[in-house]
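All chains are named by letter (A, B, ...) in the order of the sequence lines, taking the proteins before the strands, and each is independently numbered beginning at 1.
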Protein chains: 2
Amino acid sequence: MKPVTLKQIAEHLNISITTVSKALKDYSDVSPKTKALVKELAKTLNYKPNAFAVNLRTKESKTIGLIIPVIVHHFFSNVIRGIISQAEKKGYLVIILQSNESYELEKKQIDLLMSQRVDGILISLANGTANFSHLNDVLAQEKSLVMFDKIAKIVKCSKVIIDDRKAAYMATQHLIDTGCKRIAHFRGPLLPQNSIDRFLGYKKALLDNNMPYDPSLVYICECGDMSFEEGKKNAQQLLKDHNDVDGIFINTDLVAIGAMTEFNKLGVKVPEDISIVGFSNWFMSSVISPTLTTIDQPGYEMGKAAFKQLFKEMKQIKKNQPIIYKEIVLETALVKRESTR
Amino acid sequence: MKPVTLKQIAEHLNISITTVSKALKDYSDVSPKTKALVKELAKTLNYKPNAFAVNLRTKESKTIGLIIPVIVHHFFSNVIRGIISQAEKKGYLVIILQSNESYELEKKQIDLLMSQRVDGILISLANGTANFSHLNDVLAQEKSLVMFDKIAKIVKCSKVIIDDRKAAYMATQHLIDTGCKRIAHFRGPLLPQNSIDRFLGYKKALLDNNMPYDPSLVYICECGDMSFEEGKKNAQQLLKDHNDVDGIFINTDLVAIGAMTEFNKLGVKVPEDISIVGFSNWFMSSVISPTLTTIDQPGYEMGKAAFKQLFKEMKQIKKNQPIIYKEIVLETALVKRESTR
DNA sequence: TTTCGCACCGAAAACGTTTTCGAAATCAAC
DNA sequence: GTTGATTTCGAAAACGTTTTCGGTGCGAAA
């Protein structure tokens with residue numbers, strides 16, 4: 001009933017625990033005969049090393065922590081899938097925590113993971129995170145830390161991102177190329193880097209095309225989370241404020257879909273009256289009507305890349321080698337659909 | 001740099017490790033003075049108990065495993081969220097694994113979790129799982145195991161489910177009530193219990209309303225996973241086989257949306273020509289056009305309930321009490337929208 | 001003065017592994 | 001028969017905690 005231990009195998013065969021341990025790990029100072037004996041008995045007794053004891057001895061648990069702002073989210077759940085698939089290949093397990101876009105929670109969760117002594121941490125920051133001491137603590141304790149998607153440039157660690165600025169530029173340029181003359185932007189909250197970068201890309205595209213940049217056309221999301229309702233609200237407000245807008249670049253597909261739904265209700269035609277470009281390429285965007293032009297953001301690949309980098313760093317720390325931080329930038333693509341002309 | 005241990009605190013204060021340990025855990029045989037001293041020093045040194053050592057001593061890791069068929073999935077990601085939120089409250093961490101609807105992988109992952117010695121396991125079965133010895137092994141080793149959503153009735157453990165049969169009955173009855181005379185069913189793969197139950201609910205509704213049950217109107221998903229493409233394929237096939245069908249009850253929203261997309265392309269009007277009811281109430285279903293009538297399946301609540309039950313059982317095992325298995329059935333609701341008349 | 005109870009503390013074992021280091025045994029060569 | 005090398009094994013320490021059990025010292029009661 002109780003799990004088999006090395007000791008029991010040793011007693012069965014009348015040899016020492018040491019030899020059993022070494023036999024199972026193919027040490028060279030165990031004779032082939034005893035190796036065979038030990039391995040056979042281990043298999044018939046269904047021996048599984050006690051992970052707790054191994055962890056204590058080796059000081060590692062083959063487990064990493066993952067903190068993301070939200071789980072029910074097309075992009076993030078794809079990231080999770082990417083991370084887990086890669087981790088499994090390397091024999092690592094993944095503990096997932098949801099920060100709920102809250103800095104306080106994020107901090108607590110980092111603490112939790114550290115006291116569980118995970119081997120490394122992957123994190124995409126909460127929108128509210130402006131203080132980074134909890135992250136620097138992790139690095140100070142010589143644990144590997146890799147940030148992805150929502151990062152903080154100021155923290156000295158590896159990062160996996162897309163070029164948000166360039167992608168936003170592409171999106172806006174597409175609106176311009178298809179004839180839009182007055183283009184609004186629904187941006188995310190103020191803090192996160194990718195929200196800032198997308199805004200900057202939007203702005204640059206306008207200026208590069210000799211179009212005026214009008215701050216009143218930029219709608220900031222104060223509420224903190226980028227929701228469907230947010231899109232509806234902004235759409236209403238936009239129609240009140242500016243009846244001459246003929247294109248919008250929207251920070252996230254979900255918000256874009258909210259806006260389109262509202263426009264549809266109010267009789268505003270997309271793309272005839274207003275063209276819309278979203279961001280992230282949620283699956284949903286390909287089945288609504290009209291289908292949504294958007295920027296494809298490779299979540300699965302991002303998850304894979306983030307784990308791969310973390311894995312490298314964990315190995316470097318183990319070998320006491322200096323850690324080389326990297327910034328990995330993944331490619332995005334414009335997906336043209338029916339919401340633009 | 002290296003983490004602080006009890007020993008270091010003990011040496012600092014010139015007392016024994018035992019006393020330090022007991023002071024931190026408020027044992028009654030430590031004087032208030034030394035308790036205060038120890039706690040203060042522990043705080044200033046930022047002492048965190050070594051989880052590996054604690055695990056080894058106490059034989060538990062405050063960690064549970066979760067195996068689900070797919071992660072990028074509205075229902076399942078809500079389940080994850082429910083589980084994690086509840087687990088966090090009770091101080092448990094969650095390791096997530098994706099079985100990819102594969103029995104082989106599921107088996108391996110159970111093994112992995114067992115050798116990691118998680119305190120309990122939550123699982124929703126892969127479609128292909130027909131052999132349950134890996135689950136019985138878990139129970140035989142006196143680990144808690146709770147199944148949810150996709151369960152096997154034959155395994156003796158607690159289960160959290162919805163009444164699929166009743167829900168399917170409601171869905172089909174709604175089609176009948178709104179005037180459908182010939183109703184098809186896109187069912188899931190053959191094996192999983194909920195696929196079977198939904199089919200039975202569909203059939204019973206027909207018979208109770210004196211409508212003939214025609215097996216050729218039931219489309220089985222051979223491919224194993226319930227996808228958007230599956231819906232398109234079935235929709236095409238249905239139009240070829242039966243041009244008199246005026247209503248479909250579809251196993252899953254995603255498949256229903258695939259079918260609607262195809263109907264739309266082929267000029268078949270929903271709900272005028274064909275009414276459709278889906279299952280699960282994916283968010284997407286409320287924003288597509290026409291919006292999809294469906295069955296609301298409470299993923300978040302299911303996750304919460306599953307963890308709560310697991311927690312109870314883990315406590316019972318710890319106290320050597322007999323485990324009382326429960327079958328918890330959550331309520332569903334019909335959400336009427338535009339895809340039915 | 002002895003005895004009993006009580007408050008406080010610590011030695012030591014235990015959890016199950018990994019790894020170092022030395023010892024024993026075998027064999028070859030001189 | 002001695003030396004040296006080589007192969008094979010095991011004792012023991014270590015990882016950091018928890019918990020049992022006994023001990024000490026002190027005040028109060030007899």
| message | Here's a test of your reading of the structure: between I17(A) and V30(B), which maps to the more 5' nucleotide of DNA chain C? | response | V30(B)
| query | Whole-Å distance between dT8(D) P and N14(A) CG? | reply | 20 Å
| note | Here the distance between atom P of dT18(C) and atom CD of E60(A), to the nearest Å, is 12 Å
| remark: K35(A) atom NZ is separated from dT8(D) atom P, nearest whole Å, by 9 Å
| request: Hey, which sits more toward the 5' end of DNA chain C by its nearest nucleotide, P3(A) or Y27(A)? | output: P3(A)
| said: Tell me if the side-chain of K59(B) makes a donor-acceptor pair with the base of dG16(C), cut-off 3.5 Å, by modelled atom types. | reply: no
| request: Pick base, sugar-phosphate or nothing for T5(A), based on heavy-atom distances below 4.0 Å to the nucleic acid. | output: sugar-phosphate
| Expressed in angstrom and rounded to an integer, what is the separation of L56(A) atom CG from dG16(C) atom P? | 12 Å
| request: Output yes when at least one side-chain N/O atom of T19(A) is less than 4.0 Å from OP1 or OP2 of dC9(D), else no. | output: no
| task | List the steps and the verdict of side-chain hydrogen bond (donor to acceptor under 3.5 Å, both in side chains) for S133(A) and N131(A). | result | CA-CA 6 Å; S133(A) 58; N131(A) 180 330; 3.1 Å; yes
| task | Among N127(B), T129(B), N194(B), find the residue that satisfies the side-chain hydrogen bond (donor to acceptor under 3.5 Å, both in side chains) test when tested with K150(B). | result | N127(B)
| note | Given the options E327(A), E313(A), K326(A), S158(A) meets side-chain hydrogen bond (donor to acceptor under 3.5 Å, both in side chains) only with E313(A)
| task | State which residue, out of I323(B), I64(B), L139(B), L310(B), fulfils the side chain to side chain contact (heavy atoms under 4.5 Å, CB included) condition with S144(B). | result | L310(B)
| What's the CG-P distance between D29(B) and dG22(D), to the nearest Å? | 15 Å
| message | Using whole Å, what does the distance between atom C1' of nucleotide dT18(C) and atom CG of N50(A) come to? | response | 13 Å
| said: If I take atom OH in residue Y47(A) and atom P in nucleotide dG16(C), what distance separates them, rounded to the nearest angstrom? | reply: 10 Å
| message | It should be established whether S16(B) places a side-chain nitrogen or oxygen under 4.0 Å from OP1 or OP2 of nucleotide dC9(C). | response | no
| task | Tell me what T18(A) touches on the nucleic acid: a base, only sugar-phosphate, or nothing, going by heavy atoms under 4.0 Å. | result | base
| Can a donor-acceptor pair under 3.5 Å be found between the side-chain atoms of R57(B) and the base atoms of dT17(D)? | no
| Touch class at under 4.0 angstrom, heavy-atom based, for S31(A) against every strand present | sugar-phosphate
| note | Rounded to whole Å, the CG-P distance (L24(B) to dC9(C)) equals 14 Å
| query | NA contact type, K22(A), heavy-atom cut-off 4.0 Å: base, sugar-phosphate, or nothing? | reply | base
| message | Less than 4.0 angstrom from a charged side-chain N to a carboxylate O is my criterion; do D26(B) and K39(B) meet it? | response | yes
| query | Under 4.0 Å: is that the gap between some side-chain N or O of T58(A) and OP1 or OP2 of dT18(C)? | reply | no
